[in-house]
Each structure stands twice: as C-alpha cells, then as structure tokens.
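Structure record follows, encoded as structure tokens.
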2 protein chains.
Amino acid sequence: MATHTSNPEYHHGNLRQALLDAGEKLLESVGVDGLTLRGLARETGVSHAAPYRHFADKADLLAALAARGFDRLARALVATAGEHAGDPRGEYLASCRRYIELGRKHPAMYRLMFGQPQPGVGDQPELAAAGQAAFDALTAAMRRGVAAGLYRDASIETLAMAVWALVHGLTELAIAGRLGLCGEGDAGRLSEDACALLLRGIGTSRPGA
Amino acid sequence: MATHTSNPEYHHGNLRQALLDAGEKLLESVGVDGLTLRGLARETGVSHAAPYRHFADKADLLAALAARGFDRLARALVATAGEHAGDPRGEYLASCRRYIELGRKHPAMYRLMFGQPQPGVGDQPELAAAGQAAFDALTAAMRRGVAAGLYRDASIETLAMAVWALVHGLTELAIAGRLGLCGEGDAGRLSEDACALLLRGIGTSRPGA
DNA sequence: CAAAAAATGTTGACAATGTCTACTTCGGTC
DNA sequence: GACCGAAGTAGACATTGTCAACATTTTTTG
C-alpha cells in the first residue's frame, strides 16, 4: 500500500546493468557460491523479486555475467595484438601472459565463464557470441603467426586449440593453487616457460631457442 | 519414541562409504549443483541429518569425493606407466589419452576435483595426499622420460607442469564443449595432435616427426 | 556380565534461497 | 485524461544446509 507514494526511485532506471555490476563485485568478494539473487537485490537496493524482471532465473544472470567476462577477454586479446603488430612472437608471449593474468585476477569470473552449460539452440545468444569472439581473436592471432612463418603450417584449429588448452590449463591450475606444488614454484615463471615450450613445439624450427 | 524398536538396520554399518558411492553416482547423473546432502541421505535410505555423523558439512563430503577422484586418476596413470615400461614416448601419448578420457567420462567429478578450495593447514589430509599422489605419478613419468633422453634436460617441474596444464586444459575445454568450436572438430583427434605438438616442444630434437 | 560411554541415527526446528503469483506504480500512447 | 505494458513490491512455498535434542546400538570397562 502506501509504503511509499510517488517515490522518485521506484523505477531504478537501469537495474539490469546495476545487477550485473553488483554481480561482478560480489563474484570477486564472495565467490560464485556466495553469489545469491537476493543478496544481489539487497546490494542494488531493490526487492528480492525485482531481478526476475530482467533475468529468467539465476542461471540466466550467471550466463550474462559470463558473457561480460568473455567480452573482456576478447578485448584484452585484441588490444594485445594491437600492441605487438608485426611481431607475432612477441604477441604470442604477451597474449599468453595477459590471458593468465586476467584469469588469476578474476578467478571466480574465469571459472564462471567456463562453467556455463554449453548454450543450447536459442539459449543465451550473448554468451555464445562473446565466447566465439574470444576464440576468434585467438585464431586470428594464430593465422597471423602462420602467415609470418612463426608457426609450422598445421591446421589453424589444431594450433589454436593447443595454445588455448595450455593457457587455459595454466590459468585453471593457478586458480586452483596447483601451480606451486613443485617445491618452490614461481607460478608466473612456470607459466612463461610452459608457453615457451609449446611455442617451440608449434613453431618452425628455424630460430634455435 | 517407539517408531521402531530393535530395528536390525538402525545402524547402517558403513554409511560413510555408502554416501560416497551414492555421491559419485549422483554426481554423474545430476551434476554438482544437483548433488544435495538430503538427496544423498534419501538415496542411501537414512534420515536427512545422518550424513553429519560422518562429514562435518557438505564441503567436507565434496572434498572426500574429490579425494576419490584423484585416487582414481593416480591409479590410472600408474597403470598406464606399467603398460608402457621402457617406452617413454608411448607412455606419454597413452597417459595423455587416458587422462583426458577419464575426465570426459566423469566430467562432474573432474570439475569437482579441481574446484576444491586449496586444502589449508590441517584440512582434508586425504584430499591433499590424493592430489599429491596424482602429481607425483606425473613427475615420475617425466623423470623417466628425461632419463631415457626423450625430453630435453629442463627442470622436471617445468616439464611436468607444461604437460599437466595442456592435458588439464584439453580436458576442461572438452568438458565445457569448447573443443568443437572449430567447424568440424573431432575432439579426440584435436587432443592427440595438441599433445604431439607439445611433445615436440619438450622433446629432444632428434626424432624428426 | 552389567553399566557407563561413545558412536551412530532420528526428529524437529530455523534461516536462507530460488522462484511463483498477485498487486502496485510508473512512463508513455490513443 | 484514460489505458496499457514495463518495472518493482509483497507475500508465499518448497528445498536446502545445519543445529540441537533425543533414541538406539555398539563398545569399553569395572
């Protein structure tokens, strides 16, 4: 009833974005398990059912968050490529570093991104597109490397997947805290070395490293 | 009260194991999110609070499940090593294949294993031990390979982590359904090729492949 | 061998959460 | 100025993790 009459803030204006913003924040502070729809609503100052006007259910909101994550990842890769134009080897190493850093800085988000159930048919077009964009940035980089003679002339898909898998694995292991299992492990250095080893495997044999 | 007097099945006998067994089954059928303590109790035919006599809380039970997973993984690696004694290259390829297969066959379990919060000080000694055993199996394999001249003489930790990261990444991507992003992708073949590429990177350059 | 104690299971409660339905209020259109 | 859909609210419900109190079984021990 007259809980509040003519409240100028009855309608939030842009609740959807606000929820996603708060979601990212909560993600990092309390993890995926601590991320609750009601908590999100509280954080945003709306009632507990308000999110349902913008998201079908919790999974839908999580998918939207994951899409944001992929978007950031794709942007970071494209930016890195721009910073190393004409230097595919430098681009490779910088991209690997940046990818892993991004994952380690936002572990909950990173896990969320790859924990999403594969978007079905018409489900989550945003998420599918963002994920595809990130993958496209990677394949484009590989294509440039092949053109420049840095990588051996293998299937682009194979090259891209090998790189992605290694970097993804390093990121996940780092997040899981398993990169330091080996006595004294500087996780950063281990990652660099592993990436260099793979480069040796996928590269043309010329530049003896 | 006299709900039941002198019930021969009042005490289950080995509820802990039964809960873990049911847990593994439920994991595969309904996923981690669908795995509920109460559901587990129902499945096992005990009351909803019975599990608390054997596990401190849900996280504790999940950790015990994860420990089982690592145990299986370690066993599989050791077995594979035994089947390829004296053939480090064959062992490498077979181990990679087996690792990935195991993860793909039990995706929820695999995710659970690496989703565990890093065991703190005295927490979850079982889990820590099982995880360490799996990693030890891997480093032992790498050590054999170095001794046999298959791998270049680099730090064992670096070699092991590179391999583990690649295989882990391939497994995770396969589980996430992202190994098929490339038009027509036989995920199995992609994995094999990626492992071969890394082998080329970590190997001594002699056997031109 | 009986009695005390420890282990194991049960019932009942509580707060929190995801989600649904019905109601209210706001912003804009005939 | 009345109307309509979008956006937000309140209230309810089933499910879940977890705790406390009680019951029963097994084990230890005097």
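Naming convention: chains lettered A, B, ... in sequence-line order (proteins, then strands); numbering from 1 in each chain.
- Ranking C/dG18, C/dT11, D/dT16 by closeness to the A/Leu37 side chain, first place goes to C/dG18.
- Proximity note for B/Ser47 (side chain, C-beta onward) versus D/dT18, D/dA12, C/dT10: the nearest is C/dT10.
- In this model, the phosphate group of C/dG18 is approached by a side-chain N or O of A/Thr36 to a distance below 4.0 Å at OP1 or OP2.
- A straight line from CG of B/Leu15 to P of D/dT25 spans 16 Å, rounded to a whole angstrom.
- Atoms CG (B/Leu62) and P (D/dT16) sit 15 Å apart, rounded to a whole Å.
- B/Asp57 places its CG atom 14 Å from the P atom of D/dA20, with the value rounded to the nearest Å.
- Two residues, A/Arg38 and A/Val46, neighbour DNA chain D, and the one matched to the more 5' nucleotide by heavy-atom proximity is A/Val46.
- Side-chain proximity of A/His48 to D/dA7, D/dG11, D/dG17: nearest is D/dG11.
- For the pair A/Lys58 and B/Arg53, both in contact range of DNA chain C, the more 5′-proximal nearest nucleotide belongs to B/Arg53.
- A/Phe114 has its ring centre less than 6.0 Å from the ring centre of A/Phe70.
- Among the nucleotides D/dG17, D/dA20, C/dG9, the one closest to any side-chain atom of B/His54 is C/dG9.
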If you apply the rule salt bridge (charged side-chain N to carboxylate O under 4.0 Å, His left out), what do you find for B/Glu83 with B/Arg98, and how did you get there?
CA-CA 12 Å; B/Glu83 292 162 14; B/Arg98 189 128 172 204; 3.5 Å; yes
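- With distances taken from any side-chain atom of A/Ala49 to the nucleotides D/dT18, C/dT17, D/dG11, the minimum falls on D/dG11.
- For B/Arg68 and B/Asp21, the salt-bridge test passes: some basic side-chain N is under 4.0 Å from an acidic carboxylate O.
- Of the candidates C/dT10, D/dT16, D/dG8, the closest approach to any side-chain atom of A/Ala50 belongs to D/dG8.
- Within the nucleic acid shown, A/Arg42 comes within 4.0 Å of sugar-phosphate atoms alone, with no base atom in reach, counting heavy atoms only.
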